[in-house]
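A, B, ... follow the sequence lines: proteins, then strands. Residue 1 opens every chain.
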2 protein chains.
Amino acid sequence: MTELSRYERDLKNAGLRITQPRRIILQILEQSGDHPDATEIFQRAAKMDARISLATVYRTMKVLEETGAVERHAFQGGPARFEQADREHHDHLIDIETGAVVEFTSPRIEELQRTIAEELGYEIVDHRLELYGRKIR
Amino acid sequence: MTELSRYERDLKNAGLRITQPRRIILQILEQSGDHPDATEIFQRAAKMDARISLATVYRTMKVLEETGAVERHAFQGGPARFEQADREHHDHLIDIETGAVVEFTSPRIEELQRTIAEELGYEIVDHRLELYGRKIR
DNA sequence: ATGCAAATGCGAACCATTCTCATTAAGACT
DNA sequence: AGTCTTAATGAGAATGGTTCGCATTTGCAT
């Protein structure tokens, strides 16, 4: 009777169980417009079900990363931050003063990356492009 | 009588002492063609002077980063890795199978980054471009 | 309804890094 | 060369993020 979200379907297809913690964490990710870290997800989850543990948040993030539902970003210094992965690819500009994350895309840069890797004899499996900047006022 | 290396001069100019541990670590960095992490530097240093501690390696790396002598890279997952900073700017392609680091530069990409940041109202303070790839055989 | 493997919660363990603090040693000034 | 001041060091404890181990719970196929 419950209609499954896209993510729940992915879990099912991967032969994984749709558990209460996963359901809640998934729901949080869907609602989050930001890039929360594990602790933040844990806190938000606790509001919906106090018995979820931080370890489960970490485990779930790993699982969701594997099913392709979320992307993990390890920005300078701090803890890993997560976001849904269903949207199209983009890179990040991190405001070094506020920590705010601005997303952007550049097909030209993507293109150049591929060319460069190829020249070096590599195929790109993943990449990270992060700009750390200060707002010009 | 002892001629100072470029780095030793930088330390002196910053009002810092040229200590035995620093001298040794600096020497190791000069000889290293790779991108060692703190533990690796510590091990190499131990061969020259067994009483150097890991804490000192970390402290020294921080100091050298501040004087601009080294660059710190936090590649996916693992510990921070270091390299001398006197050479011209370059980005990294990390071989996901071996961990090997290939360096490259792309003025076109640098250029595009600046343009993008500007369009978003930011000036770039720092940036990271890392390609993770697999060798094409 | 039942059984079993997968997932969870909890705390312990882990790893990279930083900190504390008593001790050592640069190097400035005799 | 000797002394003094204070930065730097060594050793280990502490910290922060993340993972693990294991007993218990819970999805879900039967």
Side-chain angles (χ1 to χ4, degrees), chain A residues 1-2 4-5 7-26 28 35-43 45-46 48-67 69-70 72-82 99, chain B residues 1-2 4-5 7-26 28 35-43 45-46 48-67 69-70 72-82 99:
Chain A
M1 21 103 259
T2 314
L4 300 180
S5 75
Y7 296 128
E8 290 178 345
R9 206 171 304 114
D10 286 349
L11 279 177
K12 191 144 248 177
N13 290 343
L16 298 167
R17 293 179 180 172
I18 298 172
T19 63
Q20 189 62 13
R22 285 179 183 166
R23 215 189 283 274
I24 289 174
I25 290 170
L26 243 9
I28 287 167
H35 299 68
D37 61 33
T39 307
E40 285 161 353
I41 292 170
F42 170 62
Q43 286 164 351
M48 311 187 70
D49 182 340
R51 90 206 111 125
I52 285 177
S53 79
L54 181 56
T56 294
V57 171
Y58 276 108
R59 278 188 289 237
T60 301
M61 297 326 286
K62 179 166 287 180
V63 164
L64 294 180
E65 209 186 341
E66 277 155 14
T67 66
V70 311
R72 169 193 304 260
H73 302 294
F75 299 139
Q76 300 270 41
R81 296 166 69 171
F82 305 88
Chain B
M1 16 93 261
T2 313
L4 299 181
S5 75
Y7 296 128
E8 290 178 345
R9 206 170 305 114
D10 286 349
L11 279 177
K12 190 145 249 174
N13 290 343
L16 299 167
R17 291 178 182 173
I18 298 171
T19 64
Q20 189 62 10
R22 285 178 183 166
R23 215 189 283 274
I24 289 175
I25 290 170
L26 242 9
I28 286 167
H35 300 66
D37 61 34
T39 307
E40 285 162 353
I41 293 170
F42 169 62
Q43 287 163 351
M48 312 186 70
D49 183 340
R51 96 206 103 128
I52 284 177
S53 79
L54 182 56
T56 295
V57 172
Y58 275 108
R59 278 187 290 237
T60 301
M61 297 328 286
K62 180 167 285 179
V63 165
L64 294 181
E65 210 186 340
E66 277 155 15
T67 66
V70 312
R72 169 192 305 259
H73 302 293
F75 298 140
Q76 300 272 42
R81 297 168 67 172
F82 305 88

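- Taking the nucleotide of DNA chain D with the nearest heavy atom to each of B:G15 and A:R81, the more 5' of the two is matched to B:G15.
- Among C:dA25, D:dT9, C:dT17, the nucleotide with an atom closest to any side-chain atom of B:A38 is C:dT17.
- Checking C:dT8, D:dT9, D:dT18 against every side-chain atom of B:R59, the shortest atom distance belongs to D:dT9.
- Following rounding to the nearest Å, B:F42 (CZ) and C:dC15 (P) show an atom-to-atom distance of 16 Å.
- A distance of 9.5 Å separates CD in A:E8 from OG1 in A:T19, rounded to the nearest 0.5 Å.
- Per the geometry, CZ belonging to A:R22 stands 5 Å off P belonging to C:dA7, to the nearest Å.
- In plain terms, the two heavy atoms of A:V57 and A:I25 that are nearest each other are CA-CD1, 3.9 Å.
- With hydrogens and angles ignored, the 3.5 Å screen pairs no side-chain donor or acceptor of B:R72 with any backbone N or O of B:A80.
- Nearest to the side-chain atoms of B:Y58 among the listed nucleotides D:dA11, D:dT9, C:dT17 stands C:dT17.
- Panel note: side chain B:R22, backbone B:R17; a donor-acceptor pair is recorded below 3.5 Å.
- In this structure, B:I18 places its CD1 atom 17 Å from C1' of D:dT6, rounding to the nearest Å.
- Of the candidates C:dT8, D:dT18, D:dT9, the closest approach to any side-chain atom of A:A80 belongs to D:dT18.
- The nearest heavy atom of DNA chain C to B:L16 and to B:G78 marks one nucleotide each, and the one closer to the 5' end goes with B:G78.
- For A:P79, the listed nucleotide lying nearest its side chain is D:dT18; candidates were D:dT18, D:dG10, C:dA16.
- In plain terms, the two heavy atoms of B:P79 and B:D37 that are nearest each other are CG-OD2, 3.5 Å.
- For A:T56 and C:dG9, the shortest distance from a side-chain N or O to OP1 or OP2 is below 4.0 Å.
- The distance from atom CG of A:L11 to atom P of C:dA7 is 9 Å, rounded to the nearest whole Å.
- With hydrogens and angles left out, the side chain of A:R23 and the base of D:dG27 share no donor-acceptor pair within 3.5 Å.
- If you take CD of B:E8 and P of D:dA8, they are 15 Å apart, rounded to a whole angstrom.
- Residue A:Q20 contributes atom CD, which lies 7 Å from atom P of D:dG27 at whole-angstrom precision.
- Note: CD (B:E40) to C1' (C:dC15) measures 15 Å, nearest angstrom.
- For A:A69 against A:Y7, the heavy-atom pair with the smallest separation is CB-CD2, 3.5 Å.
- Between the P atom of C:dA7 and the CG atom of A:L26 lies a distance of 14 Å, rounded to the nearest Å.
- With distances taken from any side-chain atom of A:R51 to the nucleotides C:dC10, C:dG27, D:dT26, the minimum falls on D:dT26.
- At a cut-off of 3.5 angstrom, counting only N and O atoms as typed in the model, there is a donor on one side and an acceptor on the other between the side-chain of B:R17 and the base of D:dT6.
- For the pair A:T19 and C:dT8, the criterion of a side-chain N or O lying under 4.0 Å from OP1 or OP2 is met.
- Relative to the side chain of A:P21, the nucleotides D:dG17, C:dG9, D:dC28 differ in distance, and C:dG9 lies closest.
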